[in-house]
Protein chains: 2
Amino acid sequence: MTLDLPKGRAPSIRDVARLAGVSHQTVSRVLNDHPSIRDSTKAKVLQVMEDLQYRPNRAARALSRGRSRTIGLLSAESAYGPASSIAAIQDAAREAGYYVNTANLTNVDPESIEAAIDHLMNQSVEGIVVIAPQVRVFDVLEQLSIEVPFVTLSSRGLLNDNSLSVDQMTGAREATRHLIDLGHRQIYHLAGPQDWIEAEARMRGFLDEMWDRDVPTMAPILGDWTADFGYHAGRELLRMRDFTAIFASNDQMALGFMHACREAGLVLPRDMSIVGFDDIPEAAHFWPPLTTVRQDFAELGRRCIALLLSSLGDGPPSARPEPIVPKLVVRGSTAPPPF
Amino acid sequence: MTLDLPKGRAPSIRDVARLAGVSHQTVSRVLNDHPSIRDSTKAKVLQVMEDLQYRPNRAARALSRGRSRTIGLLSAESAYGPASSIAAIQDAAREAGYYVNTANLTNVDPESIEAAIDHLMNQSVEGIVVIAPQVRVFDVLEQLSIEVPFVTLSSRGLLNDNSLSVDQMTGAREATRHLIDLGHRQIYHLAGPQDWIEAEARMRGFLDEMWDRDVPTMAPILGDWTADFGYHAGRELLRMRDFTAIFASNDQMALGFMHACREAGLVLPRDMSIVGFDDIPEAAHFWPPLTTVRQDFAELGRRCIALLLSSLGDGPPSARPEPIVPKLVVRGSTAPPPF
DNA sequence: TTCACAATTGTGACCGTGCACATACGACCA
DNA sequence: TGGTCGTATGTGCACGGTCACAATTGTGAA
């Protein structure tokens, strides 16, 4: 006495209801774990669902509830760090029953940013996570007056204060202090691109520490995060050997700089001390192994979702979270100055 | 004479219709670029949409059309390569008017894989892209009998033949040939994890080339892609200096191996030749700069979406695409053997 | 038994859009 | 003048869930 089903169409709660001999509303209740359903009824319905390979239709649910359970992720194609936060974000969101829709940003001109946000808004995302740490992106976001809660992964107390970050300044200060403590007095800083928030914070940390310790500073070099840049900058800088240490704003640039040093015949770390930032997994195997600052990107990603969910009214009303403090990892690329 | 709108609710086509003095269906036609609409009518409707900041409701659209315009991306947390394909996939999909939903795979046990696929299916994705090149993932996929078209990024002609890949074998053969041509006869292969399809293909390429050139092979070392592994494996291998060259299955392991070489007092490339695979952006700045095999991951990602879209009936019926051929990049980490 | 009340289940409308079909309008031809 | 056709627009319902509310059943106390 099997009733047959409309073929070519996925089964709906009404199909399930008919076969289970209940009303569609009862099926809906089973789906949503409504408290007052007789166990026997529930079992029967679940059995039919199983038989029919029933899957709730997300669009219908979103439509009738007015909630999409989707989070948008705006990410700028970029370095190691963000990439490892992204996985954490997706995992955390999924665990909380949300879907994640990603939009990539290849350019940071206002049009692209707006287009990407638009793309996300068009799918009725309930919240947005922004991992695009360029200053410019934030400026655009600020003007866009986005209608949904959003969280940014960077350290500027702007907008709705929903921003999270690693405490870049402290990390940079530690790195700088380490060099000063070793006895270095001529220290360059290989900074990240001017318009990156992280780059700015690291540079500030460097400058502040130098200032506090009364060490005369040399103008930072503005780079672009790549190993290539570190290499070329190194070639330039090493013409005048007027420094004994360098603090690079990320590990890639540090690597490129090391390359330039070896090419110039320097022995590391005897002739030159180098500190990086990020602690990418390869840093321990550079030659010499790189002294750097470790950040916990995964933790950052998880907190990010926690914060967003609390904005959405889901999850605990997370207190304004403290920034994650990064940690200096001393390896073989730093030593006292040669004289 | 502005009619006011229900507040607290986003405007719908009916709201637009009312204000524009037309029927909701006319508004729908404007949205979908229906050919027979008077220009004046269309302009009027568009104006009202603009005024109201109207956004079509995606859920409603998906429900009524029965299409979600969403693609699922199943990705295994992994190395450099896939990461750079992902951005390309997302861009290409967005350009084609699709949304991308990502599910990460942290474990590759069958339950996790099934859960991830389930997560994607639950949002009514129309197709799935799989970037999870472990053999196991494919085995599970094969058994799961997924109801939507899907494309995989790897070189096994299985399932619906919708798989794309870089021709790993050819790349590996070229790398190996390069070492043999330099005069090396004792060559180790530092392979990737057994269960990765790429790892297998590269190992096969290595073995085939060695065989064809009548060079006796030594058993490959099975690694885990990390620089750490390359380092530790290197320490072991270098106890017996019974080889003059090594072909590592990715650049990270090559880096770790170089670390071990220097620690053992070897001068590179004089005492040891090393070839990697992938050409990550940092490889040119290793010490010495790494000879490696370059793959175009972005192109791979783009083709991937093209293939999936054609399965979905969108886009041109792309002919079965040829695999992308990687290219050997010779740098400073290879030289003739010492004797 | 009978009533109050809680537990369980059913009914119908609604969410916002697209589809099938009906209708109105104008042009053109016989 | 009437009929035919093509363009432009309107009407009503379906999509698959959820919500508010109504109806039914079961349980214990009076």
Side-chain angles (χ1 to χ4, degrees), chain A residues 5-46 48-49 52-70 97 99 121-124 126, chain B residues 5-46 48-49 52-70 97 99 121-124 126:
Chain A
L5 284 172
K7 55 188 177 177
R9 191 170 56 76
S12 75
I13 50 170
R14 291 179 159 85
D15 298 320
V16 174
R18 193 156 38 83
L19 291 193
V22 298
S23 77
H24 67 103
Q25 177 58 17
T26 299
V27 178
S28 170
R29 289 195 179 99
V30 171
L31 279 177
N32 296 287
D33 273 329
H34 189 96
S36 50
I37 290 223
R38 208 186 311 260
D39 281 348
S40 61
T41 312
K42 185 168 180 174
K44 195 168 48 179
V45 171
L46 286 174
V48 176
M49 284 182 176
L52 256 49
Q53 298 245 48
Y54 168 79
R55 265 179 205 286
N57 179 312
R58 197 164 94 85
R61 200 170 234 185
L63 178 58
S64 87
R65 276 214 273 235
R67 296 200 49 183
S68 66
R69 286 244 151 203
T70 299
Y99 302 91
M121 292 303 296
N122 277 342
Q123 30 191 332
S124 342
E126 294 182 27
Chain B
L5 284 170
K7 56 188 175 176
R9 192 170 55 75
S12 75
I13 50 169
R14 287 173 210 271
D15 297 321
V16 174
R18 194 156 36 85
L19 291 193
V22 298
S23 75
H24 70 99
Q25 178 58 17
T26 299
V27 177
S28 170
R29 288 192 178 102
V30 171
L31 278 178
N32 296 289
D33 273 329
H34 189 96
S36 48
I37 291 222
R38 207 187 312 259
D39 280 349
S40 61
T41 312
K42 184 168 180 175
K44 195 169 47 180
V45 171
L46 287 173
V48 177
M49 285 181 174
L52 256 48
Q53 298 246 49
Y54 168 78
R55 268 179 202 285
N57 179 314
R58 198 165 93 84
R61 204 170 229 183
L63 177 58
S64 137
R65 276 211 278 229
R67 295 199 51 181
S68 67
R69 285 244 151 204
T70 300
Y99 301 91
M121 292 302 296
N122 278 342
Q123 28 191 335
S124 344
E126 294 183 25

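Side-chain atoms are counted along with the backbone in the values below, which use heavy atoms only and exclude waters and symmetry mates. Numbered from 1 within each chain, the chains take letters A, B, ... in sequence-line order.
Remark: side-chain polar atoms of B:Ser124 are not paired, donor with acceptor, to backbone N or O of B:Ser68 under 3.5 angstrom. Checking side-chain atoms of A:Asn32 against main-chain N and O of A:His34 turns up no donor-acceptor pair under 3.5 Å.
One can place NZ of A:Lys44 at 12 Å from C1' of C:dT8, the figure rounded to the nearest angstrom. Taking atom CD on A:Gln25 and atom C1' on C:dA13, their separation rounds to 12 Å, with Å as the unit. When the C1' atom of C:dA7 is taken as reference, atom NZ of A:Lys42 falls 15 Å away, rounded to whole Å. Per the geometry, CG belonging to A:Asn122 stands 16 Å off P belonging to C:dG16, to the nearest Å. Rounded to an integer number of Å, the gap from CG of A:Leu52 to C1' of D:dG16 is 14 Å. Going from atom CG of B:Asn57 over to atom P of C:dT17 covers 5 Å, rounded to whole Å.
Taking the side chain of B:His24 as heavy atoms from C-beta on, and the options D:dG17, D:dT18, C:dG18, the nearest nucleotide is C:dG18. Proximity note for B:Leu63 (side chain, C-beta onward) versus D:dT18, C:dT17, C:dG16: the nearest is C:dG16.
A heavy atom lying under 4.0 Å from DNA chain D marks the following residues of residues 26-39 of chain A, by number: A:Ser28, A:Arg29, A:Asn32.
Here B:Ser12 does not reach the OP1 or OP2 of C:dC15: none of its side-chain N or O atoms lies under 4.0 Å away. In this structure, A:Arg61 reaches the D:dT18 phosphate: one of its side-chain N or O atoms is under 4.0 Å from OP1 or OP2. In this structure, A:Ser23 reaches the C:dG10 phosphate: one of its side-chain N or O atoms is under 4.0 Å from OP1 or OP2.
Of the charged side-chain nitrogens involved, none lies within less than 4.0 Å of a carboxylate oxygen, so that B:Asp39 and B:Lys42 do not count as a salt-bridged pair.
A side-chain N or O of A:Asn122 and one of B:Arg55 form a donor-acceptor pair less than 3.5 Å apart. Between the side chains of B:Thr70 and A:Arg58, not a single donor N or O lies within less than 3.5 Å of an accepting N or O.
Residues that satisfy the side-chain hydrogen bond (donor to acceptor under 3.5 Å, both in side chains) test with A:Arg69, not counting sequence neighbours, are A:Asp314.
Heavy atoms of A:Arg58 sit nowhere under 4.0 angstrom from any nucleic acid atom. Residue A:Arg55 is classed as a sugar-phosphate contact, given heavy-atom separations below 4.0 Å to backbone atoms only.
Under 3.5 Å, the side chain of A:Arg65 and the base of D:dG17 form no donor-acceptor pair of N or O atoms.
Atom CG of A:Leu31 sits about 4.5 Å away from atom OH of A:Tyr54, to the nearest 0.5 Å.
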